[in-house]
Amino acid sequence: MKLARITLAAITALGASGLAACGSGSPASTAGGTAGGGQTVKVGIKFDQPNMGLKSGSTYEGFDVDVANYIAKKINVTPEFVEAISSQRESLIKTGQVKYIVGTYSITDKRKVDVDFAGPYFIAGQDLLVRSDDTAITGPDTLAGKKLCSVKGSTSASNLQAKYPGINLQEYNTYTLCVDALKAGSVDALTTDNTILAGYAAQDANKGKLKVVGTTFSTENYGVGLKKGDTAFCNQVNDAIKEFISSGEWQKSVDKWLGPAGFKPGEGNPPTPAACS
């Protein structure tokens, strides 16, 4: 009788211990995120940039996703990816809707008024995507009278408006809409960073239909956007970026996502992150 009471008490204690372990220690799983452990945080990426930041079903892939996951692992958080379109990035950070953004996000003085940047982690250049049979457009100086597509809020649109005021600029919400308009003949060219354009040209649906002109005309330093004044967190992210580069993971990711399109990183890559300020 005494032995039966001891056994029942032991079973009860083990059950309680098991329930406590399930309820307290396990981080929430995230759709498409790579578990880094610890707290789950929202991270902004692009959802429609092949080979950089792309949502495919419930998974996410691309060079920027690799960067975002590496940072999350080093700072011991689990990322939950949310879409950060160009025109909403500063707002998402300032209102605390995301912890950080890795989304072909060029570091500019104008943006640094509202947010801080860690990095750069990649140096890209602005270029043009045109239909494969188009031999008339060879650079921005051949766009007079042409319909040029870009995305609202991107530096690509403002750069061209300032340098080539005669261009008929058409702004869409996403690059995918620009690509669709280009293939349909509604616009004559799409401009943004060469990394993004190479990804679109390499997609099965666009092979043989679209091409990158191959004449870059800007320098875009990709940074990780984060809350203004959070220097301690910025330093953590910078340390993660430096390790991403020195460990060889930066090159592996470039080869995996940009290599198939024949893309070669330009001068200055891999970059050295600047001091947080």
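Just so you know, residue 1 is the first one in the sequence shown, and it goes up from there. What you see is a predicted model, and the numbers here were worked out from it, not measured in a lab. Basis for what follows: all heavy atoms, side chains included, without hydrogens, waters or symmetry-related copies.
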Note to self: Any salt bridge linking K94 with D114? Criterion: basic side-chain nitrogen under 4.0 Å from a carboxylate oxygen.
What the structure shows: yes
Notebook entry, point to check: Run the side-chain contact (heavy atoms from CB on, under 4.5 Å) check on V43 and V77 step by step: do they pass?
Noted result: CA-CA 10 Å; V43 176; V77 299; 6.0 Å; no
Notebook entry, point to check: Do the side chains of L92 and V115 join up, straight or via other hydrophobic residues, at under 4.5 Å, putting them in one cluster?
Noted result: yes
Next item on the list: Going by the ring pair (Phe, Tyr, Trp, His ring centres under 6.0 Å) test, name the single residue among Y100, Y60, F47 that passes it with F81.
Entry: Y60
Next item on the list: Can you establish whether the number of heavy atoms outside K227 located under 6.0 Å from its atom NZ is more than 12?
Entry: no
Item checked: For L128 against G139, the heavy-atom pair lying closest together -> CD1-C, 3.6 Å
Note to self: Can you tell me if K183 has over 12 outside heavy atoms packed within less than 6.0 Å of its NZ?
What the structure shows: yes
Next item on the list: Measure across T192 and I196 and return the closest heavy-atom pair with its distance rounded to 0.1 Å.
Entry: OG1-CD1, 3.6 Å
Margin query: Would you say S56 and E61 are linked by a side-chain donor-acceptor pair, where the criterion is simply a distance under 3.5 Å?
Written below: no
Margin query: Looking at K147, I'd like to know if its NZ atom is crowded, meaning that more than 12 non-hydrogen atoms belonging to other residues, nucleotides or ligands lie closer than 6.0 Å.
Written below: no
Item checked: pair V187-C178: side-chain heavy atoms closer than 4.5 Å -> no
Check: Considering only heavy atoms from C-beta outward, does the side chain of N69 approach that of P79 to under 4.5 Å?
Finding: yes
Next item on the list: Using a 4.5 Å cut-off on heavy atoms from C-beta on, say whether the side chain of I85 contacts that of V151.
Entry: no
Check: Quick one: do the K46 and S86 side chains pair a donor with an acceptor below 3.5 Å?
Finding: yes
Check: Hey, does Q236 have a side-chain heavy atom less than 4.5 Å from the side chain of K74?
Finding: no
Note to self: Looking only at the aromatic ring of each residue, does the gap between the centers of F122 and F63 stay below 6.0 angstrom?
What the structure shows: yes
Notebook entry, point to check: Heavy atoms, side chains only, cut-off 4.5 Å: are Y222 and D193 in contact?
Noted result: yes
Check: Is K252 salt-bridged to D255, cutoff N-O under 4.0 Å?
Finding: no
